[in-house]
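The structure appears below as structure tokens.
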Amino acid sequence: VQLQASGGGLVQPGGSLRLSCAASGLTLDYYAIGWFRQAPGKEREWVSCISSSEGNTYYADSVKGRFTISRDKAKNTVYLQMNALKPEDTAVYYCAADGSYHASPRWYKDRYEYAYWGQGTLVTVSS
């Protein structure tokens, strides 16, 4: 399994970016994909997740209403559309995947529940 995150860059506050997570070696029907971010000096935090079979979406409160997660199963790619970006969104963004069963209904928020990780893409929000 490989995950390739891309799409990061420098954007002004209020701007938009779309991150991509291209997956190989897995099928999105059977793997949930999560996005996490890590700002300098801070813990890695959960941002969003799209579930495997039903494609249900979940968001951290800090990004709800501004970020949208989606997937293209034909391309085996998950996207994170980020709008109304703020300086506090500056971080390295990582995508992660997991296909196993999870007893906890909120498992997707826990980075340790994901088996596979991409390399990260840097998002900088600054004027």
Any idea which heavy atoms bring [X] and [Y] closest together, and the distance?
| X | Y | value |
| --- | --- | --- |
| Asp98 | Ala115 | OD1-N, 3.0 Å |
| Tyr108 | Cys49 | CB-SG, 3.6 Å |
| Asp110 | Tyr114 | O-CD1, 3.4 Å |
| Leu28 | Asp72 | CD1-O, 4.1 Å |

Verdict with reasoning, Phe36 to Val92, per side-chain contact (heavy atoms from CB on, under 4.5 Å) = CA-CA 8 Å; Phe36 289 76; Val92 177; over 6 Å; no
Out of curiosity, does [Y] fall in the hydrophobic cluster containing [X] (side-chain heavy atoms, cut-off under 4.5 Å, transitive links)?
| X | Y | result |
| --- | --- | --- |
| Phe67 | Tyr79 | no |
| Leu17 | Tyr93 | yes |
| Tyr94 | Leu85 | no |

message = If the threshold is 4.0 Å, N to carboxylate O, is there a salt bridge linking Lys86 and Asp89?
response =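 Here Lys86 does not pair with Asp89 in a salt bridge, since their nearest N and O are not under 4.0 Å apart.
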key: Mutual orientation of the aromatic rings belonging to His102 and Trp107 [parallel < 30°, tilted 30-60°, perpendicular > 60°]   = parallel
To the nearest 0.5 Å, tell me how far [X] [atom1] sits from [Y] [atom2].
| X | Y | atom1 | atom2 | value |
| --- | --- | --- | --- | --- |
| Gln119 | Gln4 | CD | CD | 4.0 Å |
| Arg37 | Glu88 | CZ | CD | 8.0 Å |
| Tyr116 | Tyr31 | OH | OH | 4.5 Å |

message = Among Gln38, Glu45, Glu43, exactly one meets side chain to side chain donor-acceptor pair (under 3.5 Å) together with Arg111. Which residue is that?
response = Glu43
task = Begin from the C-alpha positions of Tyr59 and Thr68 and carry the test side-chain contact (heavy atoms from CB on, under 4.5 Å) through to its verdict.
result = CA-CA 8 Å; Tyr59 300 95; Thr68 302; 3.8 Å; yes
ask   = Passes side-chain contact (heavy atoms from CB on, under 4.5 Å), Ser16 versus Val11? Steps please.
value = CA-CA 7 Å; Ser16 298; Val11 62; over 6 Å; no
ask   = Does a side-chain heavy-atom distance below 4.5 Å link Leu80 with Ser48?
value = yes
ask   = Any side-chain heavy atom of Trp46 within less than 4.5 Å of one from Arg106?
value =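 No, every pair of side-chain atoms sits at 4.5 Å or beyond.
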request  = Report yes or no: do Thr27 and Asp29 form a side-chain donor-acceptor pair below 3.5 Å?
outcome  =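 No, because no side-chain N or O of Thr27 sits under 3.5 Å from a partner of the opposite role on Asp29.
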